[in-house]
**Q** 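Can you read through this structure? Questions will come right after.
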Amino acid sequence: MRQDLRRARLLMGRALIKSYKEDWLPEKHKIDRIIEDMVMSGHWLEPDHVQGGEKVPAAEMLLQIKENNREYRSLVLRIEKMARILDSMTDEQRAIVDSYHWRGVPWYECAKQLHKEKQTFYDHVYRIEEKVGSEWGGDDDE
């Protein structure tokens, strides 16, 4: 059973690492750009007026739209949570995530760069993935 839990954390960590870079960050960038275009163009939204008759500044409207959208807030929270997990990693661990997971550098190139044998390199990869899955799920035991 313990081995199954470890495997689940590892697979979850791997999926989260991939989703962060390939899905969440590009999606946030796309949504930010769309909302900013809508607000700055002024063609899509009726200007709200604040007390005293002044229009709500574009930056304030932009912030309101983002804060009032549950899906956007959820996306931002996922990105922030993953950023905290990545920040807690060592420089070597971040280098492995960047090279191996995100840039698709083959394992043997990464291992050579880090002066590691194949099994040692994969042990590091698996520990990183398990760490991400464990921290994401809030598990205390590693």
**Q** Looking at Arg94 and Asp98, is any side-chain nitrogen of the basic one under 4.0 Å from a carboxylate oxygen of the acidic one?
**A**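 Between Arg94 and Asp98 there is no salt bridge, as every charged N stays at least 4.0 Å from the carboxylate O atoms.
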**Q** Using a 3.5 Å distance criterion without hydrogens, assess whether the side chain of Trp24 forms a donor-acceptor pair with backbone atoms of Met82.
**A** no
**Q** Scan residues 77-87 for pairs that pass side chain to side chain donor-acceptor pair (under 3.5 Å), counting only residues two or more places apart or in two chains.
**A**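 Checked against side chain to side chain donor-acceptor pair (under 3.5 Å) - neighbours excluded - the pairs reaching residues 77-87 are Ser74-Arg78.
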**Q** Hey, can you tell me if Tyr122 and Tyr100 have their rings parallel, tilted or perpendicular (30° and 60° cut-offs)?
**A**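 If you compare the ring of Tyr122 with that of Tyr100, the planes turn out perpendicular.
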**Q** What's the shortest heavy-atom distance between Met89 and Lys131, and which atoms?
**A**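 Residues Met89 and Lys131, closest heavy atoms: CG-CE, 3.9 Å.
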**Q** Quick one, Arg6 with Glu130, criterion salt bridge (Lys or Arg N to Asp or Glu O under 4.0 Å). Give me CA distance, side-chain angles, the key distance, then yes/no.
**A** CA-CA 7 Å; Arg6 182 174 188 262; Glu130 187 177 2; 2.9 Å; yes
**Q** Please evaluate residues Leu62 and Asp32 with respect to the criterion side chain to side chain contact (heavy atoms under 4.5 Å, CB included), reporting the C-alpha separation (whole Å), side-chain torsions for both, the decisive distance (0.1 Å), and the verdict.
**A** CA-CA 9 Å; Leu62 186 63; Asp32 284 342; over 6 Å; no
**Q** Would you compute the distance between atom CG of Leu25 and atom NE2 of His29 and round it to the nearest 0.5 angstrom?
**A**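 Taking CG in Leu25 and NE2 in His29, the distance rounds to 10.5 Å.
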**Q** If you look only at pairs with a residue in residues 12-22, which of them pass as a side chain to side chain donor-acceptor pair (under 3.5 Å), with sequence neighbours excluded?
**A**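 Passing the test, one end in residues 12-22: Arg14-Glu129.
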**Q** Check whether any side-chain N or O of Gln93 sits under 3.5 Å from a backbone N or O of Thr90 as a donor-acceptor pair, and report yes or no.
**A** yes
**Q** Quick one: does Ser99's side chain have a donor or acceptor within less than 3.5 Å of a partner on Ile96's backbone?
**A**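 The answer is no, because no donor-acceptor pair under 3.5 Å joins these two groups.
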**Q** CG of Leu75 to CD of Glu71: how many Å apart, nearest 0.5 Å?
**A** 10.0 Å
**Q** State whether the side chain of His115 and the backbone N or O of Ala111 hold a donor-acceptor pair below 3.5 Å, judged by distance alone.
**A** no
**Q** Any ion pair linking Arg9 and Glu135 (charged N to carboxylate O, less than 4.0 Å)?
**A**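 Here Glu135 does not pair with Arg9 in a salt bridge, since their nearest N and O are not under 4.0 Å apart.
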**Q** What's the separation between atom CG in Leu63 and atom CD in Glu60, rounded to the nearest 0.5 Å?
**A** 6.0 Å
**Q** Rounded to the nearest 0.5 Å, what's the gap from CD1 on Ile128 to CD1 on Ile85? Could you check?
**A**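 Answer for the CD1-CD1 pair, Ile128 versus Ile85, is 13.0 Å.
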**Q** Can you tell me how far the CZ atom of Arg127 sits from the OG atom of Ser134, to the nearest 0.5 Å?
**A** 14.0 Å
**Q** Quick check on Glu109: does its CD atom have over 12 non-hydrogen neighbours (other residues, nucleotides or ligands) under 6.0 Å away?
**A**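 Buried by this count: over 12 neighbours within 6.0 Å.
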**Q** Main chain of Ile65, side chain of Asn69: is a donor-acceptor contact present, judged purely on distance under 3.5 Å?
**A** no
**Q** Where do Glu92 and His124 come nearest, in terms of heavy atoms and distance?
**A** OE1-CD2, 3.4 Å
**Q** For residues Met12 and Trp102: do they belong to one hydrophobic cluster (side chain heavy atoms under 4.5 Å, members Ile, Leu, Val, Met, Phe, Trp, Tyr)?
**A**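 Met12 and Trp102: one cluster.
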**Q** The test is ring-ring contact (aromatic ring centres under 6.0 Å, His included); show your working for Tyr108 and Phe121 and say whether it passes.
**A** CA-CA 9 Å; Tyr108 51 87; Phe121 174 76; 10.0 Å; no
**Q** Is Ile17 reachable from Ile79 through a run of hydrophobic residues whose side-chain heavy atoms are each under 4.5 Å from the next?
**A** yes
